[in-house]
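Everything numeric here is computed off the predicted structure, so don't read it as measured data. Convention: sequence-line order gives letters A, B, ...; per-chain numbering from 1.
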Amino acid sequence: MSRPDLNLLVTLDVLIAEGSVAKAARRLKLSPSAMSRALARLREVTGDPLLVRAGRGLVPTPRAIELGTDVGRLVKEAEAVLRPAERLDLKRLTRSFTLRNSDGFVENFGPSLLARVAEEAPGVQLRFVPKPDKDSAPMREGSVDLETGVIGGSTGPEVRAQALFRDRFVGVVRSGHPLCDGKITAARFAAGRHILISRRGLDRGPIDDALELAGLTRTIATVVGGFAEALALARGSDLKTIQAKPSACTGPAFLARSEGSGLLPGSARQNRNGRTRAEPDSHPASLR
DNA sequence: AACCACGATGGCATATGTTG
DNA sequence: CAACATATGCCATCGTGGTT
(Lines give C-alpha, C1' and ligand atoms only; values in the text may rest on other atoms or scores of the structure.)
Protein backbone atom coordinates (compact mmCIF):
# COMPACT_ATOMS: atom_id res chain seq x y z
CA MET A 1 0.00 0.00 0.00
CA SER A 2 1.48 3.33 -1.06
CA ARG A 3 1.86 5.98 1.56
CA PRO A 4 -0.04 9.21 1.09
CA ASP A 5 1.98 12.28 0.16
CA LEU A 6 2.26 14.16 3.45
CA ASN A 7 3.11 17.35 1.57
CA LEU A 8 -0.56 17.40 0.72
CA LEU A 9 -1.29 18.17 4.37
CA VAL A 10 0.44 21.52 3.98
CA THR A 11 -1.44 22.15 0.76
CA LEU A 12 -4.75 21.26 2.38
CA ASP A 13 -3.99 23.44 5.38
CA VAL A 14 -3.33 26.48 3.19
CA LEU A 15 -6.26 25.76 0.88
CA ILE A 16 -8.69 25.58 3.79
CA ALA A 17 -7.18 28.67 5.38
CA GLU A 18 -7.26 30.73 2.19
CA GLY A 19 -10.44 29.29 0.71
CA SER A 20 -9.02 29.97 -2.72
CA VAL A 21 -6.81 28.10 -5.17
CA ALA A 22 -5.21 31.30 -6.40
CA LYS A 23 -4.44 32.67 -2.92
CA ALA A 24 -3.15 29.31 -1.72
CA ALA A 25 -0.94 29.13 -4.80
CA ARG A 26 0.51 32.58 -4.12
CA ARG A 27 1.18 31.64 -0.49
CA LEU A 28 2.98 28.43 -1.43
CA LYS A 29 4.69 30.11 -4.39
CA LEU A 30 3.06 27.84 -6.95
CA SER A 31 1.06 28.54 -10.07
CA PRO A 32 -2.73 28.38 -9.81
CA SER A 33 -2.70 25.39 -12.10
CA ALA A 34 -0.28 23.50 -9.89
CA MET A 35 -2.44 24.30 -6.87
CA SER A 36 -5.54 23.21 -8.71
CA ARG A 37 -3.88 19.90 -9.50
CA ALA A 38 -2.82 19.53 -5.86
CA LEU A 39 -6.44 20.08 -4.88
CA ALA A 40 -7.44 17.41 -7.38
CA ARG A 41 -5.00 14.98 -5.75
CA LEU A 42 -6.37 15.84 -2.33
CA ARG A 43 -9.86 15.16 -3.57
CA GLU A 44 -8.76 11.79 -4.89
CA VAL A 45 -6.94 10.86 -1.66
CA THR A 46 -9.71 11.95 0.71
CA GLY A 47 -12.61 10.95 -1.49
CA ASP A 48 -14.22 14.30 -0.78
CA PRO A 49 -14.50 17.44 -2.94
CA LEU A 50 -13.10 19.40 0.06
CA LEU A 51 -13.66 22.75 -1.66
CA VAL A 52 -16.53 23.24 -4.06
CA ARG A 53 -17.29 26.03 -6.43
CA ALA A 54 -19.59 28.70 -5.10
CA GLY A 55 -19.81 31.47 -7.62
CA ARG A 56 -16.36 32.76 -8.37
CA GLY A 57 -14.70 31.21 -5.36
CA LEU A 58 -14.64 28.02 -3.35
CA VAL A 59 -16.35 27.04 -0.13
CA PRO A 60 -15.24 24.20 2.17
CA THR A 61 -17.31 21.06 2.45
CA PRO A 62 -18.33 19.80 5.93
CA ARG A 63 -15.47 17.30 5.67
CA ALA A 64 -12.97 20.09 4.99
CA ILE A 65 -14.30 22.08 7.93
CA GLU A 66 -14.02 18.97 10.08
CA LEU A 67 -10.43 18.41 8.97
CA GLY A 68 -9.40 22.04 9.30
CA THR A 69 -8.34 22.08 12.95
CA ASP A 70 -6.63 18.70 12.85
CA VAL A 71 -4.70 19.50 9.69
CA GLY A 72 -3.47 22.80 11.05
CA ARG A 73 -2.28 21.18 14.25
CA LEU A 74 -0.58 18.34 12.37
CA VAL A 75 1.28 20.74 10.10
CA LYS A 76 2.48 22.83 13.06
CA GLU A 77 3.66 19.73 14.90
CA ALA A 78 5.42 18.41 11.82
CA GLU A 79 7.15 21.74 11.30
CA ALA A 80 8.24 21.72 14.94
CA VAL A 81 9.69 18.21 14.53
CA LEU A 82 11.64 19.21 11.43
CA ARG A 83 12.90 22.50 12.85
CA PRO A 84 16.55 22.46 13.93
CA ALA A 85 16.92 22.13 17.68
CA GLU A 86 17.73 25.47 19.26
CA ARG A 87 18.11 26.45 22.87
CA LEU A 88 15.82 29.21 23.99
CA ASP A 89 17.84 32.16 25.23
CA LEU A 90 15.52 34.02 27.59
CA LYS A 91 17.94 36.90 27.97
CA ARG A 92 17.75 37.61 24.24
CA LEU A 93 14.09 36.76 23.73
CA THR A 94 12.12 39.76 22.49
CA ARG A 95 8.41 39.30 22.25
CA SER A 96 5.09 39.93 23.92
CA PHE A 97 2.98 37.32 25.67
CA THR A 98 -0.73 37.81 26.20
CA LEU A 99 -2.12 36.37 29.42
CA ARG A 100 -5.88 36.05 29.83
CA ASN A 101 -6.63 35.95 33.52
CA SER A 102 -9.60 35.79 35.77
CA ASP A 103 -10.24 38.49 38.32
CA GLY A 104 -7.57 38.87 40.97
CA PHE A 105 -4.73 37.14 39.17
CA VAL A 106 -2.86 40.29 38.29
CA GLU A 107 -3.25 41.65 41.83
CA ASN A 108 -1.99 38.41 43.35
CA PHE A 109 0.72 37.30 40.97
CA GLY A 110 1.41 40.25 38.68
CA PRO A 111 4.16 41.97 40.69
CA SER A 112 6.20 38.84 41.37
CA LEU A 113 5.64 37.54 37.85
CA LEU A 114 6.77 40.83 36.31
CA ALA A 115 9.79 40.94 38.59
CA ARG A 116 10.83 37.46 37.58
CA VAL A 117 10.27 38.14 33.89
CA ALA A 118 12.33 41.35 34.16
CA GLU A 119 15.15 39.34 35.70
CA GLU A 120 15.10 36.27 33.47
CA ALA A 121 13.69 37.63 30.20
CA PRO A 122 14.12 41.42 30.12
CA GLY A 123 12.98 41.65 26.50
CA VAL A 124 9.61 40.07 27.22
CA GLN A 125 6.48 42.14 27.65
CA LEU A 126 3.43 40.73 29.41
CA ARG A 127 -0.03 41.83 28.35
CA PHE A 128 -2.73 41.02 30.87
CA VAL A 129 -6.20 40.95 29.37
CA PRO A 130 -9.47 40.33 31.22
CA LYS A 131 -11.25 37.01 31.00
CA PRO A 132 -14.94 37.77 30.68
CA ASP A 133 -15.91 34.16 29.94
CA LYS A 134 -14.58 30.60 29.68
CA ASP A 135 -14.44 30.63 25.91
CA SER A 136 -11.17 29.02 24.84
CA ALA A 137 -11.41 30.31 21.26
CA PRO A 138 -8.80 33.07 21.81
CA MET A 139 -6.35 30.34 22.86
CA ARG A 140 -7.03 28.33 19.73
CA GLU A 141 -6.85 31.39 17.49
CA GLY A 142 -3.51 32.39 19.00
CA SER A 143 -4.56 35.82 20.23
CA VAL A 144 -3.92 34.60 23.78
CA ASP A 145 -0.76 32.70 24.80
CA LEU A 146 -1.70 31.63 28.28
CA GLU A 147 -4.88 31.55 30.28
CA THR A 148 -5.43 31.04 33.97
CA GLY A 149 -8.65 30.22 35.69
CA VAL A 150 -10.88 27.44 36.84
CA ILE A 151 -10.90 24.44 34.55
CA GLY A 152 -14.33 24.01 33.10
CA GLY A 153 -15.69 21.97 30.22
CA SER A 154 -13.57 20.33 27.55
CA THR A 155 -10.49 22.19 26.43
CA GLY A 156 -9.58 20.02 23.46
CA PRO A 157 -6.34 18.19 22.71
CA GLU A 158 -4.57 21.29 21.40
CA VAL A 159 -4.79 22.99 24.79
CA ARG A 160 -2.35 21.99 27.50
CA ALA A 161 -3.33 22.51 31.12
CA GLN A 162 -1.22 22.54 34.24
CA ALA A 163 -2.20 23.01 37.88
CA LEU A 164 -0.78 26.26 39.26
CA PHE A 165 -2.56 26.84 42.55
CA ARG A 166 -5.82 26.40 44.36
CA ASP A 167 -7.74 29.27 45.76
CA ARG A 168 -10.39 29.58 48.42
CA PHE A 169 -12.97 32.08 49.49
CA VAL A 170 -12.53 34.62 52.24
CA GLY A 171 -15.21 36.94 53.54
CA VAL A 172 -14.55 40.67 53.53
CA VAL A 173 -16.20 43.47 55.51
CA ARG A 174 -15.11 46.98 56.33
CA SER A 175 -13.01 47.73 59.39
CA GLY A 176 -15.16 48.00 62.50
CA HIS A 177 -17.98 45.97 60.98
CA PRO A 178 -20.17 44.36 63.71
CA LEU A 179 -19.39 40.94 62.24
CA CYS A 180 -15.79 41.33 63.39
CA ASP A 181 -16.90 41.18 67.01
CA GLY A 182 -17.56 37.75 68.44
CA LYS A 183 -17.58 34.30 66.92
CA ILE A 184 -18.35 34.02 63.22
CA THR A 185 -21.09 31.53 62.49
CA ALA A 186 -22.77 30.61 59.24
CA ALA A 187 -25.98 32.25 60.45
CA ARG A 188 -24.18 35.49 61.38
CA PHE A 189 -22.40 35.45 58.05
CA ALA A 190 -25.62 34.90 56.12
CA ALA A 191 -27.44 37.71 57.94
CA GLY A 192 -27.29 41.23 56.58
CA ARG A 193 -26.82 42.37 53.02
CA HIS A 194 -24.24 40.97 50.62
CA ILE A 195 -22.35 41.88 47.49
CA LEU A 196 -22.50 39.10 44.91
CA ILE A 197 -19.65 38.88 42.43
CA SER A 198 -20.70 37.44 39.10
CA ARG A 199 -18.99 38.03 35.79
CA ARG A 200 -22.16 36.95 34.00
CA GLY A 201 -24.52 39.00 36.15
CA LEU A 202 -26.15 35.96 37.76
CA ASP A 203 -28.30 36.52 40.83
CA ARG A 204 -26.76 33.70 42.90
CA GLY A 205 -23.52 31.80 43.18
CA PRO A 206 -21.82 28.83 44.87
CA ILE A 207 -21.94 30.60 48.25
CA ASP A 208 -25.71 30.67 48.03
CA ASP A 209 -25.75 26.97 47.19
CA ALA A 210 -23.59 26.25 50.23
CA LEU A 211 -25.77 28.36 52.50
CA GLU A 212 -28.86 26.65 51.17
CA LEU A 213 -27.45 23.28 52.23
CA ALA A 214 -27.21 24.70 55.74
CA GLY A 215 -30.81 25.93 55.55
CA LEU A 216 -29.73 29.55 55.21
CA THR A 217 -30.23 32.24 52.63
CA ARG A 218 -28.64 35.62 52.25
CA THR A 219 -29.85 38.89 50.83
CA ILE A 220 -27.99 40.04 47.76
CA ALA A 221 -27.98 43.83 47.83
CA THR A 222 -25.96 44.28 44.68
CA VAL A 223 -24.20 42.33 41.97
CA VAL A 224 -20.82 43.40 40.59
CA GLY A 225 -18.57 41.95 37.93
CA GLY A 226 -15.29 41.78 39.80
CA PHE A 227 -13.49 41.62 43.12
CA ALA A 228 -12.12 45.14 42.91
CA GLU A 229 -15.58 46.71 42.71
CA ALA A 230 -16.79 44.45 45.52
CA LEU A 231 -13.91 45.52 47.76
CA ALA A 232 -14.61 49.17 47.07
CA LEU A 233 -18.28 48.73 47.96
CA ALA A 234 -17.48 46.72 51.08
CA ARG A 235 -15.00 49.38 52.21
CA GLY A 236 -17.62 52.09 52.16
CA SER A 237 -20.67 50.23 53.45
CA ASP A 238 -21.88 47.50 55.78
CA LEU A 239 -22.14 45.07 52.88
CA LYS A 240 -20.26 41.76 52.98
CA THR A 241 -18.51 40.12 50.09
CA ILE A 242 -16.48 37.06 49.25
CA GLN A 243 -13.03 37.19 47.70
CA ALA A 244 -10.96 34.44 46.16
CA LYS A 245 -7.61 34.01 47.85
CA PRO A 246 -4.92 31.72 46.41
CA SER A 247 -3.93 29.28 49.11
CA ALA A 248 -0.38 29.26 47.81
CA CYS A 249 -0.06 32.89 48.90
CA THR A 250 1.06 33.39 52.46
CA GLY A 251 -0.22 36.40 54.28
CA PRO A 252 -2.99 38.77 53.25
CA ALA A 253 -1.04 40.17 50.33
CA PHE A 254 -4.18 40.77 48.32
CA LEU A 255 -6.57 41.91 50.98
CA ALA A 256 -4.12 43.92 53.03
CA ARG A 257 -4.07 46.60 50.36
CA SER A 258 -7.79 47.13 50.80
CA GLU A 259 -7.38 49.74 53.45
CA GLY A 260 -10.42 49.94 55.65
CA SER A 261 -11.53 46.42 54.86
CA GLY A 262 -11.01 43.76 57.45
CA LEU A 263 -10.23 40.14 56.84
CA LEU A 264 -12.76 38.00 58.65
CA PRO A 265 -10.97 36.09 61.39
CA GLY A 266 -10.90 32.39 62.09
CA SER A 267 -13.10 29.94 60.25
CA ALA A 268 -14.97 32.64 58.46
CA ARG A 269 -12.00 33.15 56.17
CA GLN A 270 -12.95 30.05 54.33
CA ASN A 271 -16.41 28.99 53.44
CA ARG A 272 -17.81 25.78 54.86
CA ASN A 273 -16.83 23.62 51.96
CA GLY A 274 -13.54 25.25 51.15
CA ARG A 275 -14.95 26.09 47.78
CA THR A 276 -13.22 27.97 45.05
CA ARG A 277 -14.93 30.93 43.55
CA ALA A 278 -16.61 29.23 40.63
CA GLU A 279 -17.03 25.53 41.25
CA PRO A 280 -18.42 23.41 44.08
CA ASP A 281 -15.07 21.74 44.72
CA SER A 282 -11.64 23.26 44.79
CA HIS A 283 -10.05 23.29 41.36
CA PRO A 284 -6.55 23.80 40.17
CA ALA A 285 -6.14 26.86 38.03
CA SER A 286 -5.33 26.07 34.47
CA LEU A 287 -2.28 26.96 32.45
CA ARG A 288 -2.97 26.53 28.82
C1' DA B 1 28.56 4.86 -11.96
C1' DA B 2 25.91 5.47 -16.00
C1' DC B 3 21.85 4.88 -18.39
C1' DC B 4 16.96 4.30 -19.05
C1' DA B 5 11.98 4.02 -18.08
C1' DC B 6 8.37 5.59 -15.48
C1' DG B 7 5.53 8.37 -12.62
C1' DA B 8 4.72 12.66 -10.22
C1' DT B 9 4.70 17.44 -10.34
C1' DG B 10 4.50 22.11 -12.05
C1' DG B 11 4.12 25.75 -15.73
C1' DC B 12 1.96 27.60 -19.95
C1' DA B 13 -1.97 28.13 -22.61
C1' DT B 14 -6.62 27.77 -22.88
C1' DA B 15 -11.47 26.38 -21.78
C1' DT B 16 -15.22 27.04 -18.67
C1' DG B 17 -18.08 29.24 -15.28
C1' DT B 18 -19.53 33.30 -12.50
C1' DT B 19 -20.11 38.07 -11.35
C1' DG B 20 -20.78 42.96 -11.91
C1' DC C 1 -18.75 41.80 -22.19
C1' DA C 2 -14.69 42.20 -19.33
C1' DA C 3 -12.57 40.53 -15.33
C1' DC C 4 -11.60 36.98 -12.37
C1' DA C 5 -11.11 32.20 -10.61
C1' DT C 6 -10.88 27.34 -11.37
C1' DA C 7 -10.14 23.24 -14.32
C1' DT C 8 -7.64 20.81 -17.82
C1' DG C 9 -4.61 19.44 -21.98
C1' DC C 10 0.01 19.32 -23.17
C1' DC C 11 4.74 19.42 -22.28
C1' DA C 12 9.18 19.81 -19.60
C1' DT C 13 11.58 18.63 -15.54
C1' DC C 14 12.88 15.92 -11.72
C1' DG C 15 13.30 12.00 -8.62
C1' DT C 16 13.30 7.11 -8.09
C1' DG C 17 14.17 2.44 -9.05
C1' DG C 18 15.86 -1.12 -12.08
C1' DT C 19 19.37 -2.72 -15.22
C1' DT C 20 23.87 -3.01 -17.13
Side-chain angles (χ1 to χ4, degrees), chain A residues 1-100 121 123-147 152-162 286-288:
Chain A
M1 179 182 163
S2 63
R3 289 185 182 179
D5 180 3
L6 297 182
N7 282 321
L8 287 175
L9 280 177
V10 178
T11 306
L12 178 59
D13 184 38
V14 176
L15 273 168
I16 291 174
E18 297 290 349
S20 157
V21 168
K23 288 177 186 171
R26 278 196 291 274
R27 193 159 139 188
L28 292 182
K29 295 183 169 56
L30 292 175
S31 68
S33 64
M35 185 53 66
S36 178
R37 291 182 193 282
L39 176 56
R41 291 194 296 277
L42 278 163
R43 286 168 171 158
E44 188 180 346
V45 169
T46 62
D48 187 274
L50 297 172
L51 295 162
V52 294
R53 286 288 282 262
R56 198 177 286 180
L58 297 174
V59 294
T61 64
R63 175 77 172 140
I65 294 170
E66 180 188 336
L67 288 172
T69 307
D70 285 343
V71 171
R73 180 175 51 80
L74 281 170
V75 169
K76 280 188 173 60
E77 288 178 2
E79 287 173 347
V81 166
L82 297 176
R83 197 177 297 138
E86 55 183 31
R87 280 190 63 82
L88 181 63
D89 185 354
L90 291 176
K91 293 287 183 192
R92 294 172 55 194
L93 181 63
T94 305
R95 65 159 290 185
S96 170
F97 290 95
T98 300
L99 285 69
R100 188 172 186 257
V124 166
Q125 179 195 51
L126 298 184
R127 293 180 62 239
F128 295 103
V129 297
K131 181 184 173 186
D133 50 47
K134 291 186 178 180
D135 183 12
S136 58
M139 286 283 294
R140 291 177 221 285
E141 293 162 2
S143 60
V144 168
D145 299 299
L146 183 144
E147 182 170 321
S154 61
T155 55
E158 71 277 24
V159 174
R160 285 190 290 179
Q162 179 181 326
S286 58
L287 183 152
R288 294 165 185 172

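Rounded to whole angstrom, the span from the CG atom of A:L39 across to the P atom of C:dA5 amounts to 16 Å. Here the C1' atom of nucleotide C:dT6 and the CG atom of A:L50 are 15 Å apart, to the nearest Å. The CE atom of A:M35 sits 14 Å away from the C1' atom of C:dA5 (whole-angstrom rounding).
Salt-bridge check for A:R73 with A:D13: failed, with every basic side-chain N at 4.0 Å or more from each acidic carboxylate O.
One finds no side-chain N or O of A:S36 lying less than 4.0 angstrom from the OP1 or OP2 phosphate oxygen of C:dA5. Put simply, A:R37 has no side-chain N or O that comes within less than 4.0 Å of OP1 or OP2 on C:dC10.
The closest donor-acceptor contact from the side chain of A:R43 to the backbone of A:P49 lies under 3.5 Å.
Around the CZ atom of A:R95, the shell of radius 6.0 Å holds more than 12 heavy atoms that belong to other residues, nucleotides or ligands.
Contact check for A:T98 versus A:L146: no side-chain heavy atoms found under the 4.5 Å cut-off.
Residue contacts shown for A:R41 are limited to sugar-phosphate atoms, with no base heavy atom under 4.0 Å away.
In this structure, of C:dA5, C:dA7, C:dT8, it is C:dA5 that holds the atom nearest to the side chain of A:S20.
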